[in-house]
Amino acid sequence: MTETLDISITKNQNSRLTTTDFDNLTFGHTFSDHMFVADYADGEWKNFQIVPYGDISLSPAISSLHYGQSFFEGIKAYKHVDGNVSVFRPNKNAERFNKSAERLCMPTLPEDIFIQSILALVDVDSDWVPTKPGHSLYIRPFMFATDPYLGVSPSKTYKYMVLTGPVGPYFTKPLKVKIETEFSRATEGGFGYAKAAGNYGGAMLPGKMAVEQGYDQLIWTDSKEHAYMEELGAANVMFLLDGKLITPSTDKGTILKGVTRDTVLTLARDWGYPVEERRVSVAEVLEAAKNGTLEDAFGAGTAATIAPIGQIEHEGQLYTLSDPAEREFSQKVLKTLNEIRYGVTADPYGWNYMV
Ligand code: PLP
Ligand code: COI
């Protein structure tokens, strides 16, 4: 860390903490009392502020609205059993934040500003971090272009903001997923690896169609052949096939390089599982589902955590996988991750950033 960031803090005089129902949280609907805001202008980041959460005023001509210079991150803070609060691996999100920024022709943000903004904001709203099992404080850093200019060129001014809000599990039951063979989320040479707002906007129609057909999520496939697995709509996808942990590689730039994905791969390697990051064909996974060698299948993501896949559909055929409660690998990962995140056991990896 470099020097301490000079942040001006204006406290919310009308806290919503005591009127918030922590027993009935729907993801993304509840916001904590404060937010972080900074401005980029004249080639530098400035005006670091924590202010009451609320509406902001912007020109209707800002280029983020018209041309999509906008991206985000997702991180979680956890309340430890001893009452302390930690943020999970924000350094990895800082890294990805700047990869997204570069791809969208936006300014990068020094890692220490990113991390300090988050730790300071979570500190101010630490009473908002839920204590219930499986619950956490979701942290949403984002950046968007603010030049009021309709020419198609990179903006010269930007805002970086962070919102937080208490959340429970994103998925509450094993997922019924559809392997997408018509639409594509990303292409080689595109920006699938960036957490760009536009990636999510473009995914909404296929996602909505899948929900209308009774599925919870899509598994995106490669855009050329629709023959290789890529990722879920809101998480990376992983399979335990014949004792090996297999996940699509990120080297073609079409898949988000998930922090949870990296975390699971690290644990698996340390536990001695063979790990393969490579092209994963739809055919091999479905064949394994048929012949009983598909031991586990799950989504891995910050919001999703470890989300077991219960059923997979492909071109009209539905495959029902093993009972998620009986799966050794994903259950062990979830248990280990929870113990580290909630401070039940030691954190040998240095993943918890204490607030
Ligand atoms: N893939 C997509 C499309 C996502 O939205 C997410 C969620 O952030 C992930 C993968 C998982 O990434 P992470 O584990 O960093 O949250
Ligand atoms: C996350 O896991 O943080 C995500 O961004 C997923 C989704 C809510 C967009």
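Indexing begins at 1, ligand by ligand and atom by atom, following the structure's order.
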| Option passing ring pair (Phe, Tyr, Trp, His ring centres under 6.0 Å) with F88 (candidates W351, Y353, Y342) | W351
| task | Kindly determine whether D296 and R327 satisfy salt bridge (Lys or Arg N to Asp or Glu O under 4.0 Å), including the steps that lead there. | result | CA-CA 6 Å; D296 214 328; R327 297 183 195 167; 3.5 Å; yes
| Residue part near ligand 2, for R140, under 4.0 Å between non-hydrogen atoms | side chain
| query | Does K195 make a cation-pi contact with F71 (under 6.0 Å, within 45 degrees of the axis)? | reply | no
| Candidates K252, R269, K244 - the one meeting salt bridge (Lys or Arg N to Asp or Glu O under 4.0 Å) with E277 | R269
| message | Are any of the N/O atoms on K195, whether in the backbone or the side chain, positioned under 3.5 angstrom from an N/O atom of ligand 1? | response | yes
| note | ligand 2 to G74, heavy atom cutoff 4.0 Å, flagged ligand atoms 3 (O)
| said: Tell me the protein heavy atom at minimum distance from atom 14 (O) of ligand 1, and give that distance in Å. | reply: T260 OG1, 2.5 Å
| note | the protein heavy atom lying closest to atom 1 (C) of ligand 2 turns out to be Y138 OH, 3.3 Å
| request: Considering heavy atoms of the protein only, find what lies nearest to atom 12 (O) of ligand 1 and give residue, atom and distance to 0.1 Å. | output: G258 CA, 3.4 Å
| Within-shell test, A300 vs ligand 1, heavy atom, strictly < 4.0 Å | yes
| request: Please answer whether the main-chain N or O of V87 pairs with a side-chain N or O of N352 as donor and acceptor at a distance below 3.5 Å. | output: no
| Is a side-chain donor or acceptor of K76 paired with a backbone partner of T302 at a separation under 3.5 angstrom? | yes
| task | Run the contact test for G74 against ligand 1 with a 4.0 Å cut-off on heavy atoms, strictly below, and give the result. | result | no
| query | Are F144 and Y158 an aromatic pair by the rule of ring centers under 6.0 Å? | reply | no
| query | Is the distance between the ring centroids of Y40 and Y160 less than 6.0 Å? | reply | no
| Heavy-atom gap A203 to ligand 1 smaller than 4.0 Å | no
| G301 neighbourhood, listing ligand 1 atoms whose heavy-atom distance to it stays under 4.0 Å | 11 (C), 14 (O), 16 (O)
| Under 4.0 Å from any heavy atom of F72, which atoms of ligand 2 are there? | 5 (O)
| field | Ligand-residue contact atoms, ligand 1 with R96, heavy atoms, under 4.0 Å | value | 12 (O), 13 (P), 15 (O)
| said: Show me which atoms of ligand 2 lie under 4.0 Å from any heavy atom of F27. | reply: 8 (C)
| said: Tell me whether T30 contacts the main-chain N or O of G165 through its side chain, where contact means a donor paired with an acceptor under 3.5 Å. | reply: no
| said: Using heavy atoms and a 4.0 Å limit, tell me yes or no: is K257 in contact with ligand 1? | reply: no
| message | Suppose we measure from atom 9 (C) of ligand 2 to each protein heavy atom; which comes out shortest, and what is that distance? | response | Y200 CE2, 3.7 Å
| task | Say whether, by atom type as modelled, one donor and one acceptor occur between the side chain of E231 and the main chain of G233 under 3.5 angstrom. | result | no
| request: Would you kindly check if the NZ (Lys) or CZ (Arg) of R103 is within the cone defined by 45 degrees around the ring axis of F191 and under 6.0 Å from the six-membered ring centre? | output: no
| request: Within a distance under 4.0 Å of any heavy atom of T302, pick out the atoms of ligand 2 and give their elements. | output: 2 (O), 3 (O)
| Judging by distance only, is a nitrogen or oxygen of K195 under 3.5 angstrom from one on ligand 2? | yes
| task | Please say whether A234 places an N or O atom under 3.5 Å from an N or O atom belonging to ligand 2. | result | no
| task | Could you find the nearest protein heavy atom to atom 1 (N) of ligand 1 and give me its residue, atom name and distance? | result | E231 OE1, 2.6 Å
| message | For F114 and F97, take the angle between the two ring planes, folded into 0 to 90°, and tell me which bin it lands in: parallel under 30, tilted 30 to 60, perpendicular over 60. | response | tilted
| Between Y200 and F72, is the ring centre distance below 6.0 Å? | yes
| Which residue supplies the protein heavy atom nearest to atom 2 (O) of ligand 2, what is that atom called, and how far is it? | A303 N, 2.8 Å
| task | Among R89, K257, R96, find the one that has a salt bridge (Lys or Arg N to Asp or Glu O under 4.0 Å) with D262. | result | R89
| remark: Note: K92, heavy atoms under 4.0 Å from ligand 1, region reported as neither
| R185, any N or O under 3.5 Å of ligand 1 N or O | no
| Strictly under 4.0 Å, does any heavy atom of E73 approach an atom of ligand 2? | no
| Short list, please: which atoms of ligand 1 are under 4.0 Å from a heavy atom of A234? | 2 (C), 4 (C), 5 (O), 6 (C), 7 (C)
| message | Can you report which non-hydrogen protein atom sits closest to atom 5 (O) of ligand 1, along with the distance? | response | Y200 OH, 2.6 Å
| request: Ignoring angles and geometry beyond distance, decide whether Y170 reaches within less than 3.5 Å of ligand 2 through its nitrogen or oxygen atoms. | output: no
| Looking only at N/O atoms, are N93 and ligand 1 under 3.5 Å apart anywhere? | no
| note | closest protein heavy atom to atom 16 (O) of ligand 1 is T302 OG1, 2.6 Å
| query | How about Q213: does its CD atom have over 12 heavy atoms from other parts shown lying under 6.0 Å from it? | reply | yes
| What orientation do W128 and F22 show, parallel under 30°, tilted 30 to 60°, or perpendicular over 60°? | tilted
